[in-house]
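Reading through the structure tokens given below for one structure.
All values reported here derive from a predicted model rather than from experimental measurement. Below, chain A is the first sequence line, B the second, and so on; all start at residue 1.
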Number of protein chains: 2
Amino acid sequence: MTAAAGAPLSLRFHAAGEWPDGTVDSAGDLILSPETDAALAAIAAPVSVKAKTSVFRQGDAAASVYLIRSGAMRVAHQLEDGRNQIVAFSWSGDLFGLADHGVYLNSADALTDCDLVEFSRPALKSLFLKEPQLQGDFLVEAIADLRMSQRHLLLVTHQRVTKRLAGFLVECARQPDCYDPKTGVLSLIMDRTDIADYLSTTVETVSRTIGALEEQRLMTRIDLRHVHLDLAGLQAMMVR
Amino acid sequence: MTAAAGAPLSLRFHAAGEWPDGTVDSAGDLILSPETDAALAAIAAPVSVKAKTSVFRQGDAAASVYLIRSGAMRVAHQLEDGRNQIVAFSWSGDLFGLADHGVYLNSADALTDCDLVEFSRPALKSLFLKEPQLQGDFLVEAIADLRMSQRHLLLVTHQRVTKRLAGFLVECARQPDCYDPKTGVLSLIMDRTDIADYLSTTVETVSRTIGALEEQRLMTRIDLRHVHLDLAGLQAMMVR
DNA sequence: CGACCACTTGAGCTCGCTCAAGACTAGTGG
DNA sequence: CCACTAGTCTTGAGCGAGCTCAAGTGGTCG
């Protein structure tokens, strides 16, 4: 995890969902006023992390909140019984660093090389006092995260793993970074274990279930990390 | 669902978790500045709903956000395949009314008679412009909701229903409204189907699992809706 | 007292977990 | 260029928790 030189940042906050006119741009990114943008940039520290390295661990003193400029992160929670539940995959424009009682609730690891922006919590807090409407932007982000968390809940509570996996693939295909709608090819950024930990199942079952979806012609493997999706078919099978 | 006469409201926002000094009071409720409190009260419409009635349905045009003054609500999402996943039980001090694309994402039903406060979204939006730091209070709420949603996720992803149920009982016992730490007696406000839909299992399994916990002496039934808990024991079994 | 609803109990079956091999991939060094 | 190795992924076989359907019990309200 290395600090990069501090050029102007032009921060992009991605806000999934719909918002009042003037809140988000055509790409679904938050529109910050020039003042808040400048104020944010003033306290923003660029950070680069290499793939498969950790940004922070669950239980660490929560010093910062992070914004992803490029790359993808894995946010996971380790339970006392040894389980490792992935709480979210986070993409460029997403914030991460949820904390409680002064410590991070989850661990954050880079899936790919990432460019991050680090905001120290105290700095953010005092900036909130100076630029109160900045809280509105973070509110929008928090609500977007809440929606994502509920979607995840609905996904993992499907009794049949086939449905969970289908839903997961559809979710992934919403990420422009890794899905090409022209070709229908999805790049899987994470390994089978990550998928299992996200869907709350086992590697073996993920492997077998991918096989099952292939037999149903709902997906085709190109190689381990690239698959062709039948999006309509996958969505249809979620209903049945 | 009836509107009550509009006396001064003294709104209480419950913010689970820890916050900077001066943000919450000893009961864990948000401290609003007198100005924001007054401004909020000006756009707040008191609403009373009777037990087992609906406040809004998933898909309805999202006109408002609601704060619970007293009582308990069930927030659930109906999936296309017929499943009914309870997303949260909400208690006094909680907000509900999550929306996207102008419609509610979930349905909200009263478990008990409830006193609510309704904030119209447009009114809230314009109030945010006048009182920007009010967004900070809603930010705190949204983050608290996000944490709860993640806790719920961790709960329902336990493979063994015994653990889910144990965790659920422990969660319930954190609600002062329905748990008496003196006697260790928990009042279950919801029926078995609700528990099943919250834990993503079936009524039958809930019933059997309650039996199993009783055999392990981790809980004792007083009647259908009242149980005595061995909190320490329940928490211990979550780990194994 | 009867009817309805919520809850419990029973029996069988199935999906997915577990443990255990085996196959494939990629990275390393001779 | 080809072993060698370590990590990842797949496949196999057996078992068990929980789902399903179905019947039975108990509480509540007219």
Specify whether Phe89(A) and Phe168(A) have parallel, tilted or perpendicular ring planes, treating 30° as the upper limit for parallel and 60° as the lower limit for perpendicular. tilted
Do His77(B) and Asn106(B) have side-chain N/O donor and acceptor atoms under 3.5 Å apart? yes
In residues 157-173 of chain B, which ones come under 4.0 Å of DNA chain D, going by heavy atoms? Gln159(B), Arg160(B), Val161(B)
Counting only N and O atoms by type, is there a donor-acceptor contact under 3.5 Å from the side chain of Gln85(A) to the main-chain atoms of Gln78(A)? no
Side-chain (Ser200(A)) to main-chain (Thr157(B)) donor-acceptor, under 3.5 angstrom: yes
Rounded to 10 degrees, the angle between the two terminal axes of the helix from dC1(C)-dG30(D) to dG30(C)-dC1(D), each from five pairs: 30°
Anything under 3.5 Å between a protein N or O and an N or O of nucleotides 6-8 of chain C, put it in a table, one pair a line.
from	atom 1	to	atom 2	distance (Å)
dC7(C)	OP1	Arg192(B)	N	3.3
dC7(C)	OP2	Arg192(B)	N	3.1
dT8(C)	OP1	Arg221(B)	NH1	2.4
dT8(C)	OP2	Arg192(B)	NE	3.1
dT8(C)	OP2	Ser207(B)	OG	2.8
dT8(C)	O5'	Ser207(B)	OG	2.9

Check whether any side-chain nitrogen or oxygen of Thr202(A) sits under 4.0 Å from OP1 or OP2 of dG16(C), and answer yes or no. no
Would a 4.5 Å heavy-atom cut-off, applied to side chains only, mark Asp94(B) and Met73(B) as touching? no
At under 4.0 Å between heavy atoms, what does Thr201(A) touch on the DNA or RNA strands: base, sugar-phosphate, or nothing? sugar-phosphate
Give me the first and last nucleotide of DNA chain D, going 5' to 3', that has any atom under 4.0 Å from a heavy atom of chain A. dC9(D) to dA13(D)
Between His152(A) and Tyr198(A), what is the ring plane arrangement, given parallel below 30°, perpendicular above 60°, and tilted in between? parallel
Has the side chain of Tyr179(A) got a donor or acceptor atom that lies under 3.5 Å from a matching backbone atom of Leu169(A)? no
All salt bridge (charged side-chain N to carboxylate O under 4.0 Å, His left out) counterparts of Asp194(A), not counting sequence neighbours: Arg74(A)
Whether the side chain of Arg192(B) engages the backbone of Leu224(B) through a donor-acceptor N/O pair (distance < 3.5 Å, no angle test) should be reported. yes
Answer yes or no: is there a donor N or O on one side and an acceptor on the other, between the side chain of Arg69(B) and the main chain of Leu11(B), under 3.5 Å? no
Sequence-distant partners of Arg83(A), salt bridge (charged side-chain N to carboxylate O under 4.0 Å, His left out), two or more places apart: none
Which heavy atom of Arg12(A) sits nearest to which heavy atom of Leu67(A), and what is that distance? O-CD1, 3.6 Å
Do any N or O atoms from the side chain of Arg57(B) and from the backbone of Tyr104(B) form a donor-acceptor pair under 3.5 angstrom? no
